[in-house]
Trainee: 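I'd like to ask you about the structure that follows.
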Amino acid sequence: MSDIIEIVKNRDPAEKEFHQAVTEVMESVKPVLDQNPHYRQAKIPERLVEPERVILFRVPWMDDQGEIQVNRGFRIEMNSALGPYKGGLRFHPSVNLGILKFLAFEQVFKNSLTTLPMGGGKGGSDFDPKGKSDNEVMRFCHSFMCELFRHIGPNTDVPAGDIGVGAREIGFLFGMYKKLRNEFTGVLTGKGLNWGGSLIRPEATGYGSVYFAAEMLATRNETLEGKTCLVSGSGNVAQFTAEKLIELGAKVVTLSDSSGCIFDETGIDKQKLDHVKVLKNVRRGRIKEYADKYSAAIYTPADPEADHNPLWDHKADCAFPSATQNEINGKDAQNLVNNGVVLVCEGANMPTTPEGVDIFLANKLLYGPGKAANAGGVSVSGLEMTQNSMRLAWTREEVDNRLKMIMKSIHQTSLEAAEQYGTPGNYVNGANIAGFVKVVDAMLDQGLV
Ligand code: NDP
């Protein structure tokens with residue numbers, strides 16, 4: 001597969017996260033390409049790594065001091081073979097084309113795995129909502145949508161949230177879309193419950209990740225009850241991962257944000273987690289404040305120069321990286337193994353570096369890659385689209401049951417594909433192969449477009 005990886009590197013040398021994502025998928029699907037020469041003849045790899053469309057735009061807005069600010073907006077429409085482009089918007093200062101292309105590329109295979117009719121896309125901005133007033137966030141979101149609205153639609157491209165884009169941002173984005181189009185349609189998912197959102201959507205990625213972990217453990221006749229778990233992040237995915245873990249009788253001992261991490265040996269129970277939700281979602285504070293309130297907790301500030309992340313250096317059974325990409329490097333992965341961790345389930349997208357992945361696989365950990373393990377979020381987004389089209393709302397139990405079924409089926413599909421192509425138990429290969437085959441067969445059916 002080195003030829004296609006070289007093409008990608010030569011064409012866009014600065015996009016290292018995209019190279020990483022392409023390399024992982026192409027290495028996994030090599031046996032499929034070898035057994036199906038018509039995929040190569042049709043230049044499937046070359047077509048997959050080139051987005052169908054990239055939209056890059058200026059986002060001017062005014063801050064509370066009356067100063068004009070200018071950010072950059074993006075939407076990557078990666079692949080529409082299986083349905084309208086679908087994938088989140090990320091607002092974070094680190095956002096650039098390479099990061100969004102990696103996320104859009106992953107999204108194509110993830111959406112395919114869900115079996116719902118969704119293509120893949122991703123977008124966002126280098127705007128940082130942290131420290132901004134609600135009015136500033138609203139002005140930014142409105143300006144962002146003033147350009148994006150002409151490229152999206154319920155049958156074209158349906159964005160959702162991601163890092164830095166939660167219920168508040170989706171509301172402002174939807175408001176401007178509706179005004180410009182004069183249409184109330186399901187053009188975004190993650191909407192408020194009383195205006196078209198789906199029950200369980202906020203919980204879906206975290207709950208889905210835990211359901212996937214439970215499925216992996218079941219293959220060894222184990223459950224999450226009594227397991228000590230490390231969770232990173234303290235945003236949407238981390239909060240609902242922790243919530244479901246606590247509900248299932250596991251003990252969660254860590255959380256983090258970009259400033260540092262907390263370790264609470266006594267366990268983060270429901271009451272403490274409720275405090276974190278208010279701290280993060282209402283007051284928009286820092287995780288350090290957890291240690292100020294609960295004396296059993298130890299806070300360690302983030303050190304960008306350090307060669308490892310202290311969050312991953314505790315005795316535990318399971319790890320749920322739920323913050324951002326490449327947050328577990330080779331040393332962190334070795335620390336996890338040395339500390340007795342038997343399961344790693346990725347709520348975040350590509351949180352483990354290739355060296356880390358190799359260590360997990362070599363040590364036969366139950367390792368659920370993000371593409372499979374965090375697909376619950378986009379699955380319930382797909383269910384939100386269905387409910388919007390049908391103009392009805394399912395109950396919490398109904399959506400949660402569908403989510404459980406989808407995660408079970410993704411687990412089974414990944415396991416079977418891994419087995420079929422000679423790497424039993426390797427969920428990385430299994431998820432990549434199962435997602436890949438469905439997308440490329442649809443591309444072939446649709447001809448050269
Ligand atoms: P949020 O913005 O709600 O939370 C992100 C969390 O990660 C925050 O605690 C944030 O800290 C931390 N974080 C972000 N960037 C960094 C960084 N560079 N270094 C350290 N910590 C960081 O986002 P989500 O919870 O929605 O997303 C988390 C991960 O899950 C992402 O990888 C996302 O792509 C993935 N994901 C999300 C889905 C969803 O439905 N929301 C669906 C599937 C995957 P701080 O507040 O300090 O920035």
Side-chain angles (χ1 to χ4, degrees), residues 17 21 86-95 99-100 102-104 106-107 110-111 113-114 120 122-124 127-132 159-170 188-190 198 200-209 212 231-243 254-262 276-277 279-281 283-290 301-304 306 309-312 320-329 345-352 368-382 384 403 407:
E17 290 86 359
K86 183 88 197 86
L89 296 171
R90 177 177 291 193
F91 292 169
H92 192 271
S94 64
V95 161
I99 288 181
L100 293 179
F102 119 64
L103 289 164
E106 292 278 293
Q107 196 82 44
K110 181 190 307 189
N111 294 1
L113 276 175
T114 68
K122 201 82 187 187
F127 172 76
D128 187 358
K130 267 205 292 289
K132 305 288 190 300
D162 190 73
I163 290 179
V165 179
R168 174 182 61 169
E169 289 75 16
I170 292 289
L188 291 161
T189 55
S198 173
I200 300 284
R201 176 61 190 93
E203 294 89 339
T205 309
Y207 280 17
S209 168
F212 194 88
V231 177
S232 67
S234 50
N236 171 272
V237 179
Q239 289 172 21
F240 289 107
T241 297
E243 182 168 289
T254 58
L255 287 172
S256 68
D257 60 23
S258 52
S259 311
C261 61
I262 57 109
V276 171
K277 286 186 185 173
L279 166 66
K280 282 288 170 186
N281 308 347
R283 298 204 341 259
R284 299 185 189 273
R286 310 307 297 158
I287 200 66
K288 178 181 183 305
E289 294 170 45
Y290 180 100
D303 175 3
N309 181 346
L311 188 146
W312 306 121
F320 290 83
S322 308
T324 193
Q325 64 272 5
N326 292 330
E327 55 172 314
I328 298 181
N329 64 20
C345 192
E346 296 184 340
N349 283 308
M350 207 171 73
T352 311
K371 199 175 283 118
N374 71 34
V378 74
S379 301
V380 176
S381 277
E384 183 173 329
L403 171 63
M407 297 315 296

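Remember, it's 1-based here, ligands and their atoms both numbered in the order they're listed.
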Trainee: Say whether Ser256 and ligand 1 are in contact under the criterion: heavy-atom distance to a ligand atom below 4.0 Å.
Mentor: yes
Trainee: Does ligand 1 have any atom sitting under 4.0 Å from a heavy atom of Arg201?
Mentor: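 Arg201 counts as a contact of ligand 1 under the 4.0 Å cut-off.
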Trainee: Among all protein heavy atoms, pick the one closest to atom 2 (O) of ligand 1 and tell me residue, atom and distance.
Mentor: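 Sorting protein heavy atoms by distance from atom 2 (O) of ligand 1 puts Gly164 N, 2.9 Å first.
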Trainee: Determine whether the side chain, the backbone, both or neither of Arg286 has a heavy atom under 4.0 Å from any heavy atom of ligand 1.
Mentor: side chain
Trainee: Can an N or O of Arg90 be found at a distance shorter than 3.5 Å from an N or O of ligand 1?
Mentor: yes
Trainee: Between Phe127 and Lys132, is there a cation-pi geometry (under 6.0 Å to ring centre, at most 45° from the normal)?
Mentor: yes
Trainee: What protein heavy atom is closest to atom 9 (O) of ligand 1, reported as residue, atom name and distance in Å?
Mentor: Ser234 N, 3.0 Å
Trainee: Quick check: does Asn349 get an N/O under 3.5 Å from an N/O on ligand 1?
Mentor: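 For ligand 1, there is an N or O atom that lies under 3.5 Å from one belonging to Asn349.
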Trainee: Considering only protein heavy atoms, which is closest to atom 6 (C) of ligand 1, and at what distance to one decimal place?
Mentor: Gly235 N, 4.0 Å
Trainee: Taking the side chain as every heavy atom from C-beta outward, state whether Pro310 and Cys261 have any pair of such atoms under 4.5 Å apart.
Mentor: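 Counting from C-beta outward, Pro310 and Cys261 do come under 4.5 Å.
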Trainee: Measure Thr205 to ligand 1 on non-hydrogen atoms and call it side chain, backbone, both or neither using the 4.0 Å cut-off.
Mentor: side chain
Trainee: Which residue holds the protein heavy atom closest to atom 48 (O) of ligand 1, what is that atom called, and what is the gap in Å?
Mentor: Lys130 NZ, 2.7 Å
Trainee: Check for a donor-acceptor pair, side chain of Gln239 on one end and backbone N or O of Ser234 on the other, with a separation under 3.5 Å.
Mentor: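 Yes, Gln239 side chain to Ser234 backbone: donor-acceptor pair under 3.5 Å.
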Trainee: Do the non-hydrogen side-chain atoms of Lys371 and Gln107 ever get within less than 4.5 Å of each other?
Mentor: no
Trainee: Measuring from non-hydrogen atoms of Ser94 to any atom of ligand 1, is the shortest distance under 4.0 Å?
Mentor: no
Trainee: Which protein heavy atom lies closest to atom 27 (O) of ligand 1, and at what distance to 0.1 Å?
Mentor: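 Looking at atom 27 (O) of ligand 1, the protein heavy atom closest to it is Ile163 CG1, 3.6 Å.
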Trainee: What is the nearest protein non-hydrogen atom to atom 31 (C) of ligand 1, stated with its residue, atom name and distance?
Mentor: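 For atom 31 (C) of ligand 1, the nearest protein heavy atom is Ala323 O, 3.3 Å.
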Trainee: Does an N or O from Leu103, backbone or side chain, lie closer than 3.5 Å to an N or O of ligand 1?
Mentor: no
Trainee: So is Gly161 polar-close to ligand 1, meaning N/O to N/O under 3.5 Å?
Mentor: no
Trainee: Between ligand 1 and Asn374, is the shortest N or O to N or O distance under 3.5 Å?
Mentor: no
Trainee: Between Phe102 and Asn349, is there a side-chain heavy-atom distance shorter than 4.5 Å?
Mentor: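 Yes; the side chains approach each other to less than 4.5 Å.
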Trainee: Give the residue and atom name of whichever protein heavy atom lies nearest to atom 11 (O) of ligand 1, and the separation in Å to one decimal.
Mentor: Ser258 N, 3.2 Å
Trainee: Less than 4.5 Å apart, side chain to side chain, heavy atoms only: is that true for Pro321 and Met350?
Mentor: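 Not in contact.
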Trainee: Going by distance only, is there an N or O of Asn236 that falls short of 3.5 Å from an N or O of ligand 1?
Mentor: yes
Trainee: By number and element, which atoms of ligand 1 are closer than 4.0 Å to a non-hydrogen atom of Gly347?
Mentor: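 Close to Gly347: 30 (O), 35 (C), 36 (N), 44 (C).
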Trainee: Checking a contact table here: which protein heavy atom is nearest atom 33 (C) of ligand 1, and how many Å away?
Mentor: Asp162 OD1, 3.1 Å
Trainee: With backbone taken as N, CA, C and O and side chain as the heavy atoms from C-beta onward, which portion of His92 lies under 4.0 Å from ligand 1: side chain, backbone, both, or neither?
Mentor: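 The side chain, only.
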Trainee: Are the side chains of His92 and Asp162 in contact, using a 4.5 Å heavy-atom criterion?
Mentor: no
Trainee: Please say whether Lys122 places an N or O atom under 3.5 Å from an N or O atom belonging to ligand 1.
Mentor: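 N/O-N/O distance below 3.5 Å does not exist for this pair.
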Trainee: Is it the side chain (CB and beyond), the backbone, both or neither of Glu169 that lies under 4.0 Å from ligand 1, heavy atoms counted?
Mentor: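 For Glu169, there is no contact with ligand 1 at all, from either part.
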